[in-house]
Amino acid sequence: MLKKVLLATLFMTQALVAGAADVYPSKPIRFVVPYPPGGPTDAMARLIQGPLQAKFKVPVIIDNRGGAGGNIGTGMVAKSAPDGYTILLAASGPMAVNKTLYKSIPFDPDKDFAPVIQISAFPLVLEVHPSVTVKNVKQFIAMAKEHPEMLSFASAGNGTPQHLAGELFNTAVGTRLQHVPYKGAGPALNDVLGGHVKVMFDILGSSVQYIKTGKLHPIAVTTATRVPSLPDVPTLAESGLSGYNFTGWHGIVAPAATPKPVVMRLNQALNEIFADPAFRKKWEELGTPVVGGTPEAFGTLMRTESVKLGKVVKDAGVTVD
């Protein structure tokens, strides 16, 4: 009798899950961005918003919940109903860095989310104000070792990709470039453009216009291969930092226990959006190639990056209360 009850319960659960996927979505989807409006993460969400609404024929509502390095919005999604109607634009900070950077966070990135899809893999560029008279990585390292007080580097805040790329550089070459955290990438970049801070490891999409107009000088890119928009700028790896490879990333996740068919419905829709040539062109203008792929591939990336970036934070001795 017990066996029959268990089998009946299993079949009923499977039927409910399949049914949920069949009608999903039937109401508005809340798309949480764990940062304030106006930044690169918010721009990604707003570019996805329209095509996703058109495909699903329900409203997709952007909900900016910034604060605590992305922890507030991310924690809110972790505690949301696992039904596919609350999704998160997940950034590498909350998903792979903050559990090491902060003494405590209101979610477990390894257990509280169902990966849906990776959406970005953006290069960073080591750039300097034109007043810094170095032309390549070798000269930059020599100046950093001889005059470290001259080459502090700006970032969007502790634990951000701009910060961790700089700390990984310090570890790789034995320099101690002074980190200057800002409350956002915009203020940091403005101070580098003004020469108040001389160095930044910035997201390429944010800086490329200033590089091409001579307001910033690129030294190297952080990715394993050169980037098409700056074909003459070498990678750090080919400039002598063997093995250096740093890429920022974003993806979309749902709360853990979201039914697999719902996750796959989201994944399929987003892969179809990313396959559209007109969308791809707009997306690449943000400074990242289109990624896409399976939930499993994104889950593997998050786990791998958590180990890698956690080590960078520990080696740098950075903590945030």
Side-chain angles (χ1 to χ4, degrees), residues 40-41 68-71 91-103 105 109 121-129 132 134 137-138 140-185 187-189 191-192 196-204 206-207 216 218-224 234-237 239-250 301-302 304-321:
T41 306
N71 289 340
S92 54
M95 302 307 295
V97 175
N98 288 2
K99 69 177 183 179
T100 307
L101 183 67
Y102 288 78
K103 292 180 180 178
I105 57 176
F122 55 86
L124 282 75
V125 57
L126 166 56
E127 60 198 19
V128 297
H129 186 268
V132 179
V134 298
V137 173
K138 183 178 179 180
F140 181 84
I141 293 172
M143 179 176 283
K145 290 184 175 181
E146 292 174 16
H147 304 286
E149 73 285 352
M150 294 176 59
L151 296 179
S152 55
F153 73 99
S155 86
N158 286 318
T160 59
Q162 296 95 332
H163 174 206
L164 297 185
E167 296 295 357
L168 189 60
F169 180 89
N170 275 333
T171 300
V173 302
T175 53
R176 291 308 309 166
L177 300 176
Q178 176 90 24
H179 174 226
V180 183
Y182 286 77
K183 292 183 178 180
L189 182 57
D191 265 13
V192 176
H196 306 297
V197 181
K198 302 297 186 182
V199 180
M200 191 169 180
F201 292 78
D202 194 27
I203 295 170
L204 180 59
S206 300
S207 286
L216 293 172
I219 301 296
V221 293
T222 65
T223 42
T235 69
L236 283 168
S239 301
L241 279 68
S242 178
Y244 189 105
N245 182 12
F246 188 94
T247 303
W249 51 266
H250 295 86
L301 173 80
M302 289 194 295
T304 301
E305 287 285 285
S306 181
V307 173
K308 173 184 173 180
L309 299 181
K311 184 178 186 303
V312 174
V313 172
K314 289 179 181 177
D315 289 347
V318 182
T319 59
V320 177
D321 293 332

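Because the structure is predicted, anything quoted here is derived from the model rather than measured.
Between atom CG of residue Leu126 and atom OH of residue Tyr244 there is a gap of 8.0 Å, rounded to the nearest 0.5 Å. Note: Leu189 CG to Ser155 OG = 12.0 Å, rounded to the nearest 0.5 Å. For the atom pair Leu216 CG and Ser206 OG, the distance stands at 11.0 Å (nearest 0.5 Å). Rounding to the nearest 0.5 Å places NE2 of His196 at 8.5 Å from NE2 of His129. How far CZ of Arg176 is from CG of Leu151: 14.0 Å, rounded to the nearest 0.5 Å. To the nearest 0.5 angstrom, Met143 atom CE is 11.5 Å from Leu177 atom CG.
In this structure, the ring of His250 has its center less than 6.0 angstrom from the ring center of Phe122.
Residues passing the salt bridge (charged side-chain N to carboxylate O under 4.0 Å, His left out) test with Lys311 are Asp315, sequence neighbours excluded. Partners of Thr235 by side chain to side chain contact (heavy atoms under 4.5 Å, CB included), not counting sequence neighbours, listed by chain and number: Val221, Arg226, Ala237, Glu238.
A distance-only check finds no donor-acceptor pair linking the side chain of Asn245 to the backbone of Thr223 [under 3.5 Å]. Under the 3.5 Å distance criterion, the side-chain polar atoms of Ser207 are left unmatched by any main-chain donor or acceptor of Leu204. For Thr222 (side chain) and Pro123 (main-chain N/O), no donor-acceptor pair under 3.5 Å exists by modelled atom type.
Leu124 has its side chain out of reach of Asp202: every pair of non-hydrogen atoms, C-beta onward, lies at least 4.5 Å apart. In this structure the side chain of Phe201 never reaches within 4.5 angstrom of the side chain of Glu127, judged on heavy atoms. With a 4.5 Å cut-off on side-chain heavy atoms, Pro94 and Pro109 do not count as touching. Two residues are said to be in side-chain contact when any heavy atoms from C-beta on lie closer than 4.5 Å; Val134 and Ile141 fail this criterion. Counting heavy atoms from C-beta on, the side chains of Thr319 and Tyr102 never come closer than 4.5 Å. Side-chain contact between Pro161 and Phe246: present, with at least one pair of heavy atoms (C-beta onward) separated by less than 4.5 Å. A heavy-atom distance below 4.5 Å is found between the side chains of Phe153 and Asn170. Residues Val199 and Val192 form no side-chain contact, since every pair of their non-hydrogen atoms from C-beta on lies 4.5 Å or further apart.
If you check the side chains of Lys198 and Ser152, you find no donor sitting under 3.5 Å from an acceptor.
Nearest heavy-atom pair, Tyr182 versus Ala154, reported as atom, atom and distance to 0.1 Å: CE1-CB, 3.7 Å. Considering all non-hydrogen atoms of both residues, Ala220 and Val137 come closest at CB-CG2, 3.7 Å.
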- request: Take Met95 and Ser306 through the test side-chain contact (heavy atoms from CB on, under 4.5 Å) and record every step on the way to the result.
  value: CA-CA 7 Å; Met95 302 307 295; Ser306 181; over 6 Å; no

- request: Just do the side-chain contact (heavy atoms from CB on, under 4.5 Å) check on Val173 and Leu241 with the steps written out, would you?
  value: CA-CA 7 Å; Val173 302; Leu241 279 68; 3.6 Å; yes

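Ring-plane geometry between His179 and His163 is classed as parallel, the angle between the planes falling under 30 degrees on a 0 to 90 degree scale with a further cut at 60.
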